[in-house]
Amino acid sequence: MDLQRAGVRLQIVLGHLSRPSAPAIVANPILGPASSASCHPQQFQYTLDNNVLSLEQRKFYEENGFLVIKNLVSDDDIQRFRAEFQRICRKEVNPPGIIVMRDVAIAKQDYTLSEKVVSKIQDFQEDQELFRYCTLPQILKYVECFTGPNIMAMHTMLINKPSDSGKKTSRHPLHQDLHYFPFRPSDRIVCAWTAMEHIDRNNGCLVVLPGTHKGTLKPHGYPNWEGGINKMYHGIQDYKKDKNRVHLVMKKGDTVFFHPLLIHGSGRNRTQGFRKAISCHYASSECHYISVNGTSQENIQSEVKDIVNRRFGMETNITLEDIWTFRGRLVKGEKINL
Ligand SMILES: CCCCCCCCCC(=O)SCCNC(=O)CCNC(=O)[C@H](O)C(C)(C)COP(=O)(O)OP(=O)(O)OC[C@H]1O[C@@H](n2cnc3c(N)ncnc32)[C@H](O)[C@@H]1OP(=O)(O)O
Ligand SMILES: Nc1ncnc2c1ncn2[C@@H]1O[C@H](COP(=O)(O)OP(=O)(O)OP(=O)(O)O)[C@@H](O)[C@H]1O
Ligand SMILES: O=C(O)CCC(=O)C(=O)O
Ligand SMILES: [Fe+2]
Ligand SMILES: [Mg+2]
């Protein structure tokens with residue numbers, strides 16, 4: 001077998017998405033490994049060959065479906081994101097496409113413009129200052145280990161988890177992010193989530209079920225929570241309480257990278273303050289759109305379409321694919337399918 005064919009075969013084994021014509025960045029079995037972390041490429045499915053992750057980090061992600069990198073984003077950058085978030089809450093800037101969401105516990109009350117009523121902003125891809133987060137080289141360096149070199153920022157959020165009102169609506173039920181995504185393959189999608197302050201169980205840290213990224217996408221729906229549930233906060237319906245949950249305690253600037261099938265959520269915020277995190281979901285531009293008709297994702301598809309139609313004030317023929325195509329932004333490499 002010639003070298004190029006050997007490379008292509010390995011790419012298939014790895015689930016790597018590069019086209020045969022593109023140079024293969026995989027360990028070459030004849031010339032030796034590309035890096036110390038890639039001695040046994042065939043055993044890896046969720047990470048690509050690279051010289052960024054240590055073998056230990058790589059194995060951790062493969063086994064657990066997440067990886068925390070400490071101190072990845074500087075205090076200065078976090079301060080800038082915080083300041084821009086406040087400007088958006090005060091409506092001093094209003095970037096196109098942005099969604100500002102209030103907690104369901106106060107959604108029907110009078111409110112003033114301040115960060116004290118905003119639980120989350122989404123779709124900040126047109127806000128230069130916040131979108132800088134998605135392009136930080138130290139984040140993209142890690143993202144590439146999961147997506148490969150052609151990287152799209154598909155979904156952006158700044159979460160400002162409010163102090164719980166007593167109704168436990170500040171919780172985010174356990175879910176898999178892939179439920180929201182009409183593109184595949186899932187192994188070439190990753191979320192980067194950065195703590196904007198110290199986050200632990202008191203203010204509602206991320207909770208993960210390690211290893212669940214090896215399973216399949218589960219059906220999601222609204223949990224039957226007495227106090228109410230935020231719009232589109234679907235949860236896994238057959239959640240078993242005895243599953244081994246891990247609470248991720250993170251310092252300001254620490255960043256967790258996680259697989260879109262990893263089951264995760266967050267607990268209630270018992271403090272008086274707001275708990276802030278900024279995140280971006282990335283995908284390889286070589287991923288492709290799928291139709292979710294006839295799948296468990298149909299329910300979220302119709303909710304998303306309803307919201308879009310409400311925003312336009314009429315029924316539209318806009319598809320889920322159109323919505324994602326419209327929001328996705330290339331941050332590195334070449335735009336291919338998405
Ligand atoms: C595009 C696909 C999204 C991809 C997600 C990627 C994976 C990440 C996983 C998640 O983050 S899951 C949670 C994602 N959540 C969202 O995407 C919700 C985004 N938020 C919105 O679309 C709007 O904020 C919302 C429709 C909830 C409110 O719209 P408006 O800003 O126009 O608020 P308005 O004050 O006009 O309220 C309209 C109605 O919504 C209600 N409402 C407002 N905030 C709410 C809330 N937080 N929960 C439930 N209902 C809410 C409000 O009471 C009111 O009800 P009524 O019509 O019955 O009067
Ligand atoms: N009984 C439950 N059923 C389903 N999901 C739950 C249940 N309790 C908590 N969760 C979910 O588990 C995740 C972590 O919650 P966690 O237990 O850390 O927070 P909490 O219940 O708010 O606070 P605490 O347990 O510290 O009192 C969240 O996604 C939360 O929504
Ligand atoms: O910040 C959190 O509470 C988790 C949010 C989350 O998992 C999501 O929005 O998909
Ligand atoms: Fe999530
Ligand atoms: Mg609990």
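When a ligand or atom number is given, it counts from 1 through the structure's own listing order.
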Look at the aromatic rings of His179 and His234 and report parallel, tilted or perpendicular, splitting at 30° and 60°.
tilted
Applying a heavy-atom cut-off of 4.0 Å, say which part of Arg310 lies close to ligand 1: side chain, backbone, both or neither.
side chain
Between Tyr61 and Phe146, is the gap from one ring center to the other below 6.0 Å?
yes
Provide the number and element of each atom of ligand 1 under 4.0 Å from a heavy atom of Arg327.
1 (C)
Looking at Lys251, I'd like to know if its NZ atom is crowded, meaning that more than 12 non-hydrogen atoms belonging to other residues, nucleotides or ligands lie closer than 6.0 Å.
no
Would you call Arg329-Glu126 a salt bridge at under 4.0 Å N-O?
yes
Can you confirm, on distance only, whether ligand 2 has an N/O atom lying under 3.5 Å from any N/O atom belonging to Arg268?
yes
Measure Val104 to ligand 1 on non-hydrogen atoms and call it side chain, backbone, both or neither using the 4.0 Å cut-off.
both
Proximal atoms of ligand 1 relative to Ile307 (non-hydrogen, under 4.0 Å):
22 (O), 26 (C)
Close approach of Tyr233 to ligand 2, heavy atoms, under 4.0 angstrom
no
On the 0 to 90° scale, with breaks at 30° and 60°, tag the His175-His220 ring pair as parallel, tilted or perpendicular.
perpendicular
At under 4.0 Å between heavy atoms, which part of Ser266 makes contact with ligand 2: side chain, backbone, both or neither?
backbone
For the NZ atom on Lys167, are there more than 12 heavy atoms of other groups (residues, nucleotides or ligands in this structure) within a distance under 6.0 Å?
no
Which heavy atom of the protein is the closest neighbour of atom 19 (O) of ligand 2, given with residue, atom name and distance?
Gly267 CA, 3.1 Å
His155 N/O under 3.5 Å from ligand 1 N/O
no
Out of Arg245, His264, Lys168, Arg171, who is nearest to atom 13 (C) of ligand 2 when you count heavy atoms only?
Arg245
Between Val100 and ligand 1, which part of the residue brings a heavy atom under 4.0 Å of the ligand: side chain, backbone, both or neither?
backbone
Ligand 1 atoms in contact with Lys231 (distance to a heavy atom under 4.0 Å)
15 (N), 18 (C), 27 (C), 46 (C), 48 (N), 49 (C)
What do you reckon, are the aromatic ring centroids of Trp193 and Phe257 less than 6.0 Å apart?
no
Show me the short polar-atom pairs for ligand 3: any N or O of it lying under 3.5 Å from a protein N or O, with distances only.
{"unit_1": "ligand 3", "atom_1": "1 (O)", "unit_2": "Trp193", "atom_2": "NE1", "d": "3.1"}
{"unit_1": "ligand 3", "atom_1": "1 (O)", "unit_2": "Arg275", "atom_2": "NH2", "d": "2.7"}
{"unit_1": "ligand 3", "atom_1": "3 (O)", "unit_2": "Ser266", "atom_2": "OG", "d": "2.6"}
{"unit_1": "ligand 3", "atom_1": "3 (O)", "unit_2": "Arg275", "atom_2": "NH1", "d": "3.3"}
{"unit_1": "ligand 3", "atom_1": "3 (O)", "unit_2": "Arg275", "atom_2": "NH2", "d": "3.4"}
{"unit_1": "ligand 3", "atom_1": "7 (O)", "unit_2": "His175", "atom_2": "NE2", "d": "3.2"}
{"unit_1": "ligand 3", "atom_1": "7 (O)", "unit_2": "His264", "atom_2": "NE2", "d": "3.0"}
{"unit_1": "ligand 3", "atom_1": "9 (O)", "unit_2": "Lys120", "atom_2": "NZ", "d": "3.3"}
{"unit_1": "ligand 3", "atom_1": "10 (O)", "unit_2": "His175", "atom_2": "NE2", "d": "3.2"}
{"unit_1": "ligand 3", "atom_1": "10 (O)", "unit_2": "Asp177", "atom_2": "OD1", "d": "3.1"}

Would you be so kind as to tabulate the donor-acceptor pairs closer than 3.5 Å made by side chains of residues 222-229, with sequence neighbours excluded?
{"unit_1": "Tyr222", "atom_1": "OH", "unit_2": "Met232", "atom_2": "N", "d": "2.8"}
{"unit_1": "Tyr222", "atom_1": "OH", "unit_2": "Glu303", "atom_2": "OE1", "d": "2.6"}
{"unit_1": "Tyr222", "atom_1": "OH", "unit_2": "Glu303", "atom_2": "OE2", "d": "3.0"}

Could you tell me whether ligand 1 has any atom less than 4.0 Å away from a heavy atom of Met157?
yes
Row check, Phe44 ring normal vs Arg58 NZ/CZ: under 6.0 Å, within 45°:
yes
Does any part of the side chain of His281, heavy atoms only, come nearer than 4.5 Å to the side chain of Met157, both counted from C-beta?
yes
Taking the side chain as C-beta and beyond, is there a heavy-atom pair between Phe183 and Met154 under 4.5 Å?
yes
Which option out of Arg270, His175, Arg201 puts a heavy atom nearest to atom 27 (O) of ligand 2?
Arg270
Between Met101 and ligand 1, which residue portion shows a heavy-atom distance shorter than 4.0 Å: side chain, backbone, both, or neither?
both
Report yes or no: do Ser284 and Thr147 form a side-chain donor-acceptor pair below 3.5 Å?
no
Is ligand 1 under 4.0 Å from a heavy atom in the side chain of Asn230, in the backbone, in both, or in neither?
both
For the aromatic rings, using the six-membered ring if either is Trp, is the centroid distance between His213 and Tyr46 under 6.0 Å?
yes
Residue pair Ile121 / Asn160, side-chain heavy-atom distance below 4.5 Å:
no
Residue Tyr233 vicinity, atoms of ligand 1 by number, heavy atom under 4.0 Å:
13 (C)
State, with a plain yes or no, whether a side-chain heavy atom of Thr156 is found less than 4.5 Å away from one of Cys134.
yes
His175 to ligand 1: N or O pair under 3.5 Å?
no
Quick one: are Arg132 and Glu129 in side-chain contact, heavy atoms under 4.5 Å?
yes
For the rings on Phe85 and Phe124, is their centre-to-centre separation under 6.0 Å?
no
Is any N or O atom of Arg102, backbone or side chain, closer than 3.5 Å to an N or O atom of ligand 1?
yes
For atom 10 (C) of ligand 1, tell me which residue out of Gln301, Met232, Lys120 has the closest non-hydrogen atom.
Lys120
Atom 29 (O) of ligand 2: closest protein heavy atom, distance to 0.1 Å, is His172 O, 2.4 Å
So for Ile323, does at least one of its heavy atoms come nearer than 4.0 angstrom to any atom of ligand 1?
no
